[in-house]
Novice: 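Have a look at the structure that comes next, please.
Note on naming: letters A, B, ... go to the chains in the order of the sequence lines (proteins, then strands), and numbering restarts at 1 for each one.
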2 protein chains.
Amino acid sequence: MAPETTGRKGAPKTLDQVAAATGYSRTTVRFVVTGQAEKHRIRPETRALIEDYVARHGLVVDHTARALKTRRSDAVGLVVPDLANAFFARLTAELEERCRASGRVLLTASSHEDAEREAQAVAGLLWRGVDGLVIAPCRAPEALRPALRGRRTAVVSVDRAYSDAPWPTVVGDNEAAAETLAGRLLAIAGGSIAFVGACPALPSVAGRIAGFRAAARAAALDRSETRLHLAERDEASEGARLMRAAITAHGAPKAVMCTSLLMLEGVFRALIDAFGRVPEDLVVGTFDHHPFLDAVPNRILAVRQDERGLAEAAFAHLIAQMDGGPREPIRVVVPGRLVDRPGPGVTAGSP
Amino acid sequence: MAPETTGRKGAPKTLDQVAAATGYSRTTVRFVVTGQAEKHRIRPETRALIEDYVARHGLVVDHTARALKTRRSDAVGLVVPDLANAFFARLTAELEERCRASGRVLLTASSHEDAEREAQAVAGLLWRGVDGLVIAPCRAPEALRPALRGRRTAVVSVDRAYSDAPWPTVVGDNEAAAETLAGRLLAIAGGSIAFVGACPALPSVAGRIAGFRAAARAAALDRSETRLHLAERDEASEGARLMRAAITAHGAPKAVMCTSLLMLEGVFRALIDAFGRVPEDLVVGTFDHHPFLDAVPNRILAVRQDERGLAEAAFAHLIAQMDGGPREPIRVVVPGRLVDRPGPGVTAGSP
DNA sequence: CTGTTAGCGCTTTCAA
DNA sequence: TTGAAAGCGCTAACAG
């Protein structure tokens, strides 16, 4: 599968050229270069001759021609909302690693949280003939079904668990994590808490909201102490807007809980704008973690998603389908990890 | 170029199928579907007939077959040290955007700052027949030359200006920026400054070191006030190790200057380990910026690289080569921007 | 043990 | 105006 270029000097040859040069047929040559010499009982001297020639001149089997014939590309496509987002960047890196290890390449595409672009990205990738598709969908994937109909392309959803996905879905444990997180925040701050989130229509965010509500109920807080601030777009400016409004209306809360780092970023910005700095006694909860948060003096609890685990699971299910398995609406939950004060020596950095 | 699937129902047809079904030849069909009908004076009724059929059944030209024939893949490869690194993630996102807009796809690969893996990644991408290659090389690209010899694949280096690159190189203005940055740090802190860097062998880092030294000279500081701490690997743990050693030997400096966010991350960690928090009077300088740095109370100056500008320039030169231009060892410098205290309303977040 | 025969679906001459 | 033919380089089935 790998570039079989044992080549030494000059342009590496094609299979046909080797056949012509050695006087054997394509088939014979192919048997020896693909290691099927034994299996087909190629005569040792023949084999030696061909191997010698290849060692001397190099050989590289044309990937495009092979793909045309076999209808396989050894490529997998990835569609995420935004590659520059730390979570997706890490997920991408992990997937890329697994692709490389298995002789595949990863084609990346961004949807920018837009259904139309997502559809285009998927169409483009399928057109390219990717064998598999990993997608963090920005809406119910029902709409993507027609494009997949009749294809054997493997598919798996990540990060967002739309219930109608007719293929495996690999996600974090949003609701449970949110409940734990909110519970801890309330225990520490003991008072009013603002929830700042984006894209409540996303299943992941919906889960986080549900978890938050559950914790609030458990703490027997009334409405005036737990406020939900929601935006339609996951952007720092939106987070800032929400937080500004919250401050104006009710003053600074004792705690905030954000659904994403971008929201948190906006929250920080609004606080700095309003108070010149982030109030030191504010307790912060967020999804996803960033090492720099450790340098912020506030108490910060973060639910760190397990990008590696997510990639691992997604890739495994992709492979299973590519190996002939069926598309099944399986749900895989990869738990995150609640990071509180990092102890000394903790390696919170890049994995 | 785009997936010409105007398809409605059922599996979209191939060119040949359309030809067979309409009773015309491949050629004729191709002329009409590629919009060359006028040019070849296809009879209007013929055209209408074919267009009608296509509108009814859909048509998708097989990308693989086309690639085999034309020897073009409409794909560009990208090799970076680490996709999960914020700077490269943004660069990747910007490149991906430009690829998409021009009907191409981006294949990503990580070298993990390892020459061998880099070479493998390049070989793999070339094998795949990418039309262009963008690479942030982790060593002098001389070694990559043989693989490119005799190919018309377009190539561009980014971020790292090895002087022997026989193709365009697009980089930030490391030395000048470092000098400015160091000068400002000294002006603010007015005293001892520690330089914490990784991979001094990289041209970008070498430039930053040179800039730092120039500023130190200009400020007439002696050796005991300006110390260079260098590691071989750009990892937070290395940054922490260097900073720990620095603290042990000379106590906390008045200012630190880091060559990367990972180093800064390590510096923060070491400081927190040593003092329980980042000393508030420490002045920090760094390359690359992250919005969360705004939430750290310290005075922080960051040289924010212009990923978009870099991507733009790199892509332009790639296109130029793909359009038949020669590989030339051009050097393009895309200046960064020194970010000091963000003013109110500044959008430091994602672009 | 090795070779032949068909294509994969497209582009590209060259003819008619 | 339209069509036929010749591959791109490979795989896969079937003959010897």
Side-chain angles (χ1 to χ4, degrees), chain A residues 1-5 11-51 54 57-74 127-129 131 152, chain B residues 1-5 11-51 54 57-74 127-129 131 152:
Chain A
M1 289 305 166
E4 312 184 9
T5 162
K13 306 300 187 218
T14 78
L15 253 190
D16 274 28
Q17 289 173 320
V18 174
T22 57
Y24 288 94
S25 78
R26 295 201 250 288
T27 317
T28 309
V29 172
R30 194 162 56 83
F31 283 155
V32 354
V33 303
T34 58
Q36 305 191 315
E38 303 286 84
K39 188 170 147 195
H40 289 268
R41 287 178 291 184
I42 303 294
R43 200 191 305 146
E45 47 261 53
T46 304
R47 175 177 171 178
L49 211 138
I50 294 176
E51 282 179 338
V54 168
H57 299 274
L59 160 66
V60 40
V61 308
D62 187 284
H63 184 265
T64 311
R66 194 236 282 295
L68 174 59
K69 184 64 183 174
T70 60
R71 314 265 70 189
R72 283 175 39 265
S73 59
D74 299 313
W127 180 50
R128 244 61 192 203
D131 301 332
R152 25 165 276 190
Chain B
M1 287 305 168
E4 313 183 10
T5 160
K13 306 300 188 218
T14 77
L15 255 190
D16 275 27
Q17 289 173 320
V18 175
T22 56
Y24 289 93
S25 78
R26 294 202 249 287
T27 318
T28 308
V29 172
R30 195 162 57 81
F31 283 154
V32 356
V33 303
T34 58
Q36 305 192 315
E38 303 286 84
K39 188 170 146 196
H40 289 268
R41 288 178 291 183
I42 302 294
R43 202 189 305 146
E45 47 261 51
T46 303
R47 176 177 170 179
L49 212 138
I50 295 178
E51 281 178 339
V54 168
H57 299 273
L59 159 66
V60 40
V61 307
D62 187 282
H63 183 264
T64 311
R66 193 235 282 297
L68 174 59
K69 185 64 185 176
T70 61
R71 315 265 71 190
R72 282 174 39 268
S73 59
D74 299 314
W127 181 50
R128 244 62 192 203
D131 301 331
R152 25 164 275 188

Novice: Can you confirm whether A:H40 sits close enough to A:T27 that some side-chain heavy atom of one is under 4.5 Å from a side-chain heavy atom of the other?
Specialist: no
Novice: I'd like to know if the side chain of B:S73 and the backbone of B:G129 have a donor-acceptor N/O pair within less than 3.5 Å.
Specialist: yes
Novice: Atom CZ of A:R72 to atom C1' of D:dA12: distance rounded to whole Å?
Specialist: 14 Å
Novice: Are the charged groups of A:D62 and A:K69 less than 4.0 angstrom apart, N to O?
Specialist: no
Novice: Find which nucleotide of DNA chain C each of B:D16 and A:F31 is nearest to by heavy atoms, and output the residue with the more 5' nucleotide.
Specialist: A:F31
Novice: If you count the non-hydrogen atoms of other residues, nucleotides and ligands that lie under 6.0 Å from CD in A:E45, is the total more than 12?
Specialist: yes
Novice: A:T46 has a side chain; which of D:dC10, C:dT2, D:dA6 sits nearest to it?
Specialist: C:dT2
Novice: What is the distance, to the nearest angstrom, from the NZ atom on A:K69 to the C1' atom on D:dG7?
Specialist: 15 Å
Novice: Please give, in whole Å, the distance from D:dC8 C1' to A:R26 CZ?
Specialist: 12 Å
Novice: Pick the closest DNA chain C nucleotide for A:R47 and for B:L68 by heavy atoms, then say which residue is nearer the 5' end.
Specialist: A:R47
Novice: Might you confirm whether atom CZ of A:R71 has over 12 heavy atoms from other residues, nucleotides or ligands at distances under 6.0 Å?
Specialist: yes
Novice: What is the distance, rounded to the nearest whole Å, between atom CG of A:D62 and atom C1' of D:dT11?
Specialist: 13 Å
Novice: Taking the nucleotide of DNA chain D with the nearest heavy atom to each, does B:T27 or B:A65 sit closer to the 5' end?
Specialist: B:T27
Novice: What does B:G129 touch in the nucleic acid at a heavy-atom separation under 4.0 angstrom: a base, only the sugar-phosphate, or nothing?
Specialist: nothing
Novice: Tell me the interatomic distance from B:R66, atom CZ, to D:dG7, atom C1', rounded to whole angstroms.
Specialist: 17 Å
Novice: Please classify the nucleic acid contact of B:T64 as base, sugar-phosphate, or nothing, using heavy-atom distances under 4.0 Å.
Specialist: nothing
Novice: Measure from the side chain of B:T28, starting at C-beta and using heavy atoms only, and say which of D:dC10, D:dG3, C:dT2 lies closest.
Specialist: D:dG3
Novice: Rounded to whole angstrom units, what separation is found between the CG atom of B:L15 and the P atom of C:dC10?
Specialist: 5 Å
Novice: What is the separation between atom NE2 on A:H40 and atom C1' on D:dA15, rounded to the nearest whole Å?
Specialist: 14 Å
Novice: Just how far, in rounded Å, is C1' of C:dG9 from NE2 of B:H63?
Specialist: 13 Å
